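Every value quoted in this text rests on a predicted model; they were computed, and no experiment measured them. Reckoned from all heavy atoms, side chains included, excluding hydrogens, waters and symmetry mates.
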Amino acid sequence: MKLQLPQGFATFLILAALTALAGLCALGGATVLERTEVWRTRLAGEMTVAIRPAPAGTSDTEVIRAAEILAGTQGVAEVRVLDRSRVAGLLAPWTAGARGPDLAILPRLIAVDLDIRAPAQRQGLADALSAAGIRAIVDDHQGWRRTALDLRRQAAAPLLGGLAACLAGLAAAGSLSVGREAERRGQALRTRLRLGESPGDCVRSLFLSCVPELGLGTLVGGLIAAALGLASGLATPGANAATLAQPAIILGAATALCAVVAVAFALVTALRRTRDMEP
Amino acid sequence: MLVHGEAGAGKTLLMAMAGLALRPGAGRIQLFGLDPWGVSRQGRARLRRRLGLVFQDLSLIDDMTVAENAALPMRIAGVRPEVLRRDVGELLTWMGLAGKAAARPGDLNHDECQRLAVARAVAGRPEIILADEPVGWMGPEAAARVLRLLLQLNRQGVTLVMASRNPDLVPAPQKLELVRGRPRPEARP
């Protein structure tokens, strides 16, 4: 049996699906970009100092002395000495899970939180430690920050591409919707034109008849994207209003953009099709 | 004016071009002293509003009721709704369609559809009425009534151009006979 969809239902369905995809693209993109930015900012506000192990092992006294020197350096807000087990955990991928006496060969790590108003420079910390006779490597996380930036760059292109593809699909769906409606009502439009209605006036009726489908489709698509976004944790469930405001704004903007694109293309199509009908 | 001729003589084509429904491939049309194809689309739409058209294929709009179809030229002209309702009511009564105002064209027989097409053509108080076979499918009584209305409008100053195969349809002061798309030389107006 052939499935008969109600008039305009296909348009509604396509618009809802594409708006939902566009909304999720925008929401996912914004979340990825925001999280990499948070990571990058956190990395930029921190440095890690690795005290090289002495042949006989690094003594806790030396580590504490290094921490005191770092804490006294201008531009440092806080210093945290990471204990051996924490260091072992951090370096586990490189030490193949070594335990016990093997851990003595690992460097001791000190996490340095920088003063965000006037952060200390890598060279400044290295010089302070060197002056005190401590052999240490100061890592300002440049490598990780570059990775975060690369991640942002790599994620942005496909997400923007996905959003653009969805918007192009919406534009096509809006145009097709009006085109199909024009076909259906072509004789009536031709008669109206012959009776003295201007193409511009004909556009109004043709265009307005498609607006409910376009509007409803984009609205439902936006709501689906919001529901999926909440369910997948793109927006934190149960979060307070302030936390939810940003994804809500992004989704609202994406849905509004979808609606504008679909409506604009539908209007252009209505104008062109009606003018084509005039002899 | 009555344009007559055998089937295929070009009457419908001539009426369609006079009604600006078709653009001539050659030659020139002048309407109200203007070249309708030399003015803007809006200007052409304004010119069309001064015409009342009865098409041979009737061209009624199926999505609209009988009353809405009849009122279309008045709506396009921007007539006030209360005036529009009153005038359309009177017109449909005169055409014997008052009881079918809420029906759709699909519910009417061909005779009634043709009367509706004539009602729509005269509703906008046009300066020229172009009627292609306006009573072709009507019974004698309905045809007499419609022709009486058209001639009455003609006496009130409306220019009436009718096309028919019947050269004696109405006592027209001017007649133009078409033969294979051209006027007979002795029949030129």
Count the heavy atoms belonging to other residues, nucleotides or ligands that lie under 6.0 Å from CD of E82(B), then report whether that count exceeds 12.
yes

Looking only at heavy atoms, which of residues 114-124 of chain B get nearer than 4.5 Å to chain A?
R120(B)

Would I76(B) and D201(A) count as a side chain to side chain contact (heavy atoms under 4.5 Å, CB included) if you check the C-alpha gap in whole Å, the side-chain angles of each, and the deciding distance to 0.1 Å?
CA-CA 9 Å; I76(B) 291 171; D201(A) 292 334; 5.8 Å; no

According to side chain to side chain contact (heavy atoms under 4.5 Å, CB included), who are the partners of R122(A), at least two apart in sequence or on a separate chain?
M47(A), V138(A), D140(A)

Name, in order of residue number, those residues of residues 84-105 of chain B that have a heavy atom at a distance of less than 4.5 Å from a heavy atom in chain A; otherwise write 'none'.
none

Count the heavy atoms of every other residue, nucleotide or ligand shown that sit under 6.0 Å from CZ of F265(A), and state whether that count exceeds 12.
no

Approximate separation, where rounding is to 0.5 Å, of R46(B) CZ and S198(A) OG
9.0 Å

After noting the C-alpha distance and the side-chain angles of R192(A) and I61(B), does the key distance pass the side chain to side chain contact (heavy atoms under 4.5 Å, CB included) rule?
CA-CA 9 Å; R192(A) 280 169 174 269; I61(B) 298 175; 4.0 Å; yes

Shortest non-hydrogen contact from A21(B) to R194(A)?
CB-CD, 3.3 Å

Portion of L22(B) that has a non-hydrogen atom of chain A nearer than 4.5 angstrom
backbone

Test side chain to side chain contact (heavy atoms under 4.5 Å, CB included) on R190(A) and S59(B); report intermediate values, then the result.
CA-CA 9 Å; R190(A) 280 192 189 89; S59(B) 291; over 6 Å; no

Closer than 3.5 angstrom, by distance alone: can the side chain of R49(B) be matched with the main-chain N or O of G196(A) as a donor-acceptor pair?
yes

What part of D63(B) gets closer than 4.5 Å to chain A, counting heavy atoms only: side chain, backbone, both or neither?
side chain

CZ of R165(B): more than 12 outside heavy atoms within 6.0 angstrom?
no

Should the heavy atoms of other residues, nucleotides or ligands under 6.0 Å from CD of Q121(A) be counted, would the total exceed 12?
no

Given R185(A), E278(A), E197(A), Q187(A), the one with more heavy-atom pairs under 4.5 angstrom with chain B than any other is E278(A)

Is there any salt bridge (Lys or Arg N to Asp or Glu O under 4.0 Å) pair reaching into residues 156-168 of chain A, and which pairs are they, with sequence neighbours excluded?
none

